[in-house]
Amino acid sequence: MTDDKKNQKHKASMEKQKANVDARIEEASTQRGVAILLTGNGKGKSSSCFGMVMRALGYGHKIGVIQFIKGQQLSGEEIYLKEQCPQVDFYQMGTGFTWNTQDRSGDIAAAEETWQRAERMLQDDSIRLVILDELTYMIAYKYLDEERILNALKNRPVEQSVVVSGRGGGSALQEIMDTVSEVKEIKHAFKAGIKAREGVDF
Ligand code: ATP
Ligand code: MG
């Protein structure tokens with residue numbers, strides 16, 4: 001095929017795609033906040049959450065961030081949001097859940113206290129975006145009551161969006177979310193012995 005023919009074919013295909021997308025954009029008529037679940041075993045769930053935080057910051061929206069697992073080390077997002085962004089209410093579950101925890105009842109108490117903060121955010125219509133990072137583990141480990149979480153997510157203010165991240169989470173959670181994405185691991189640097197990188201992994 002000549003270059004000219006290839007270019008013509010590409011143009012025709014792009015025009016068709018554009019018409020399809022434009023038609024679907026036209027059809028979407030509901031204006032409300034969305035509930036997003038980011039799950040799966042690959043890298044990119046929490047980073048995607050903070051990508052949305054940055055988007056919302058661009059419009060000056062008020063944001064609530066709760067991390068249900070305390071990172072072993074400080075993260076760039078924690079440093080930046082706490083130090084530079086007064087419009088972001090950033091909270092990390094203080095003690096509690098780590099992979100090698102021995103203190104189940106202590107973890108449950110911390111999860112409960114942290115969840116109460118999340119519930120308050122999910123009732124506050126001045127907050128446009130709520131991030132519940134690693135919340136799925138609280139459901140998986142039965143640290144928090146699933147029904148209570150689902151109800152709070154469902155009953156949040158109409159204009160508020162919420163993003164839940166973490167592996168697993170279960171089908172009931174998936175059911176009530178508007179957007180569910182699974183990040184699939186194809187490969188991960190860690191498995192080739194490459195250390196987690198400041199500014200990339202934390
Ligand atoms: P990130 O915060 O980088 O977006 P994530 O939220 O998708 O990652 P988590 O399960 O929360 O993934 O893991 C957090 C940390 O573990 C990050 O440092 C991340 O790079 C690393 N990590 C994520 N997925 C994997 C994996 N499949 N194998 C090894 N390490 C991983
Ligand atoms: Mg994560």
Side-chain angles (χ1 to χ4, degrees), residues 34-58 63-85 88-104 107-108 110-115 117-118 121-122 127 129-144 146 149-150 152-153 161-174 176-202:
V34 288
I36 300 170
L37 172 64
L38 302 169
T39 188
N41 296 334
K43 170 180 166 60
K45 301 173 291 293
S46 297
S47 351
S48 172
C49 290
F50 291 103
M52 282 177 268
V53 166
M54 194 176 82
R55 287 184 172 164
L57 280 172
I63 302 161
V65 176
I66 297 196
Q67 292 195 302
F68 281 86
I69 294 181
K70 190 174 168 58
Q72 247 127 18
Q73 53 206 137
L74 266 179
S75 65
E77 58 267 27
E78 180 180 0
I79 298 167
Y80 182 74
L81 294 173
K82 276 188 181 164
E83 288 179 6
Q84 312 278 339
C85 298
V88 181
D89 182 357
F90 185 99
Y91 184 80
Q92 218 176 38
M93 195 160 100
T95 60
F97 193 86
T98 57
W99 303 117
N100 49 8
T101 184
Q102 304 291 321
D103 180 14
R104 191 169 178 275
D107 285 354
I108 291 172
E112 173 61 33
E113 199 196 315
T114 309
W115 175 249
R117 267 175 193 268
M121 287 179 180
L122 292 167
I127 303 180
L129 177 67
V130 176
I131 305 289
L132 302 173
D133 193 26
E134 325 294 354
L135 174 64
T136 53
Y137 300 100
M138 303 298 107
I139 303 173
Y141 283 77
K142 298 200 181 342
Y143 282 8
L144 294 170
E146 185 178 29
I149 292 176
L150 300 184
L153 293 172
S161 293
V162 62
V163 187
V164 174
S165 87
R167 297 173 193 210
S171 53
L173 179 64
Q174 288 191 10
I176 66 150
M177 305 305 267
D178 301 302
T179 297
V180 178
S181 293
E182 182 180 6
V183 184
K184 182 177 172 221
E185 183 189 299
I186 293 178
K187 64 200 282 197
H188 194 288
F190 183 68
K191 298 210 164 105
I194 303 170
K195 271 192 183 313
R197 229 24 214 163
E198 173 187 304
V200 174
D201 290 304
F202 59 89

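Both ligands and their constituent atoms are indexed starting at 1 by order of listing. For the numbers below, each heavy atom of this structure counts, side chains included, while hydrogens, waters and symmetry mates do not.
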Colleague: With a cut-off of 4.0 Å, which atoms of ligand 1 are near a heavy atom of R167?
Modeller: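 This gives 10 (O), 24 (N), 25 (C), 26 (C), 27 (N) as the contact atoms.
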Colleague: Output the distance between atom CD (Q67) and atom SG (C49), rounded to the nearest 0.5 Å.
Modeller: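 Going from CD on Q67 over to SG on C49, the span is 8.5 Å.
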Colleague: Where on S46 is there a heavy atom closer than 4.0 Å to ligand 1, on the side chain, on the backbone, on both, or on neither?
Modeller: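 The part of S46 near ligand 1 is both the backbone and the side chain.
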Colleague: Parallel, tilted or perpendicular for Y141 and Y137, by the 30°/60° rule?
Modeller: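 Tilted.
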Colleague: Hey, can you pull the donor-acceptor pairs under 3.5 Å for the side chains in residues 38-45, sequence neighbours left out?
Modeller:
from, atom 1, to, atom 2, distance (Å)
T39, OG1, G166, O, 3.0
T39, OG1, G168, N, 3.1
T39, OG1, G168, O, 3.0
K43, NZ, V200, O, 2.9
K43, NZ, D201, OD1, 3.2
K45, NZ, G40, O, 3.1
K45, NZ, G42, O, 2.8

Colleague: Please answer whether the main-chain N or O of A35 pairs with a side-chain N or O of D178 as donor and acceptor at a distance below 3.5 Å.
Modeller: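 Side chain of D178 to backbone of A35: a pair is present.
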Colleague: Quick check for you: to the nearest 0.5 Å, what is the distance between R117 atom CZ and I66 atom CD1?
Modeller: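 One finds 7.0 Å between CZ of R117 and CD1 of I66.
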Colleague: Taking only heavy atoms of F190 into account, list the atoms of ligand 1 that are under 4.0 Å away from them.
Modeller: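 So the atoms of ligand 1 that pass are 29 (C).
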Colleague: Quick check for you: to the nearest 0.5 Å, what is the distance between D133 atom CG and M93 atom CE?
Modeller: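 Rounded to the nearest 0.5 Å, the CG-CE separation comes to 12.0 Å.
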Colleague: Pairs of nitrogen or oxygen atoms closer than 3.5 Å, one from G44 and one from ligand 1: do any exist?
Modeller: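 Min N/O separation from ligand 1 is below 3.5 Å for G44.
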Colleague: Is it the side chain, the backbone, both or neither of K43 that has a heavy atom closer than 4.0 Å to ligand 1?
Modeller: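 Both backbone and side chain.
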Colleague: Is ligand 1 under 4.0 Å from a heavy atom in the side chain of K45, in the backbone, in both, or in neither?
Modeller: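 Under 4.0 Å from ligand 1, K45 contributes backbone and side-chain atoms.
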Colleague: Enter the distance from I69:CD1 to T114:OG1 here, rounded to the nearest 0.5 Å.
Modeller: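 That separation rounds to 11.5 Å.
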Colleague: Please answer whether the main-chain N or O of V34 pairs with a side-chain N or O of S161 as donor and acceptor at a distance below 3.5 Å.
Modeller: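 Confirmed, S161 side chain pairs with V34 backbone.
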Colleague: Taking atom CG of L81 and atom CG of D89, what is their separation to the nearest 0.5 Å?
Modeller: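 Reported value, rounded in 0.5 Å steps: 11.0 Å.
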Colleague: A196: heavy atom below 4.0 Å from ligand 1, yes or no?
Modeller: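 The answer is no, since A196 has no heavy atom less than 4.0 Å from ligand 1.
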Colleague: For E134, counting its heavy atoms only, list the atoms of ligand 1 lying under 4.0 Å from any of them.
Modeller: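 Those of ligand 1 that fall under 4.0 Å from E134 are 11 (O).
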Colleague: Could you see which bit of N41 sits under 4.0 Å from ligand 1, with heavy atoms only: side chain, backbone, both or neither?
Modeller: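 The answer is the backbone of N41.
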Colleague: Residues two or more places apart in sequence or in another chain: which of them pass salt bridge (Lys or Arg N to Asp or Glu O under 4.0 Å) with E78?
Modeller: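 Once residues adjacent in sequence are excluded, the partners of E78 under the salt bridge (Lys or Arg N to Asp or Glu O under 4.0 Å) criterion are K82.
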Colleague: Which residues satisfy the side-chain contact (heavy atoms from CB on, under 4.5 Å) test with L144, sequence neighbours excluded?
Modeller: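 By the side-chain contact (heavy atoms from CB on, under 4.5 Å) rule, L144 matches F68, A111, E112, W115, L135, M138, I149.
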Colleague: What are the protein N/O/S atoms, named by residue and atom, that sit under 2.8 Å from the Mg ion (ligand 2)?
Modeller: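 Only S46 OG, E134 OE2 fall inside 2.8 Å of the Mg ion (ligand 2).
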Colleague: At less than 4.0 angstrom from any non-hydrogen atom of E185, what atoms of ligand 1 do you find?
Modeller: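 Answer, ordered by atom number: 26 (C), 27 (N), 28 (N).
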